[in-house]
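This report refers to the structure that appears directly beneath it.
All values below were derived from every heavy atom in this structure, side-chain atoms included, with hydrogens, water molecules and symmetry-related copies excluded. None of these values were measured; they are calculated from a predicted model.
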Amino acid sequence: MWLNIILIILAVEGIFLFFYGLQKQSQLFFFLGITSFFIPVVYFINGFTFMPLVPVLALIITYIAKRKITLS
């Protein structure tokens with residue numbers, strides 16, 4: 001039960017970091033926000049099987065978002 005509460009708090013924190021990174025155009029906050037949001041999502045969906053892929057997915061999304069922001 002405590003684990004679920006902590007992971008929900010981590011996901012909410014990830015959403016705030018994600019939008020803060022978008023607002024400030026900071027890749028670090030964007031990456032941390034995506035990572036801290038996807039960790040609980042992956043845990044709730046599939047457990048620990050795909051957990052090592054979360055940072056890789058976050059880096060790919062950060063790179064794509066950076067290209068979209070600078071090209072606009």
Side-chain angles (χ1 to χ4, degrees):
M1 179 176 159
W2 285 104
L3 179 64
N4 291 340
I5 293 171
I6 291 171
L7 288 175
I8 289 170
I9 291 171
L10 184 65
V12 170
E13 176 190 356
I15 292 171
F16 285 125
L17 284 173
F18 173 77
F19 285 116
Y20 182 76
L22 277 178
Q23 181 185 13
K24 298 291 183 179
Q25 293 183 357
S26 171
Q27 282 184 299
L28 179 63
F29 283 113
F30 194 77
F31 173 73
L32 291 175
I34 291 174
T35 304
S36 61
F37 177 73
F38 277 142
I39 287 174
V41 169
V42 169
Y43 176 77
F44 286 135
I45 291 175
N46 201 10
F48 289 109
T49 306
F50 294 108
M51 197 65 72
L53 297 176
V54 170
V56 175
L57 181 65
L59 280 173
I60 292 170
I61 293 172
T62 304
Y63 178 73
I64 291 170
K66 180 184 181 260
R67 290 190 61 201
K68 299 255 184 205
I69 289 172
T70 56
L71 291 177
S72 297

In terms of heavy-atom contacts, does CZ of Phe44 have more than 12 from other residues, nucleotides or ligands at under 6.0 Å? yes
To the closest 0.5 Å, what do you measure between [atom1] ([X]) and [atom2] ([Y])?
{"X": "Leu28", "Y": "Thr62", "atom1": "CG", "atom2": "OG1", "answer": "9.5 Å"}
{"X": "Gln27", "Y": "Leu32", "atom1": "CD", "atom2": "CG", "answer": "11.5 Å"}
{"X": "Ser36", "Y": "Phe16", "atom1": "OG", "atom2": "CZ", "answer": "11.5 Å"}

Going only through I, L, V, M, F, W and Y residues with side-chain contacts under 4.5 Å, is there a path from [X] to [Y]?
{"X": "Leu59", "Y": "Phe50", "result": "no"}
{"X": "Ile34", "Y": "Leu7", "result": "yes"}
{"X": "Ile64", "Y": "Val56", "result": "yes"}
{"X": "Leu57", "Y": "Val54", "result": "yes"}
{"X": "Tyr63", "Y": "Leu22", "result": "no"}

When you compare the side chain of Phe29 with that of Lys24, does any pair of heavy atoms fall below 4.5 Å? no
Any non-hydrogen side-chain atom of Leu3 less than 4.5 Å from a side-chain atom of Tyr43? yes
Ile61/Phe38 under side chain to side chain contact (heavy atoms under 4.5 Å, CB included): CA gap, chis, key distance, verdict: CA-CA 11 Å; Ile61 293 172; Phe38 277 142; 3.6 Å; yes
On a heavy-atom basis, which atom in Pro52 and which in Pro55 lie closest, and how many Å separate them? O-CD, 3.5 Å
With a 6.0 Å cut-off on ring centres, are Phe37 and Phe18 close enough? no
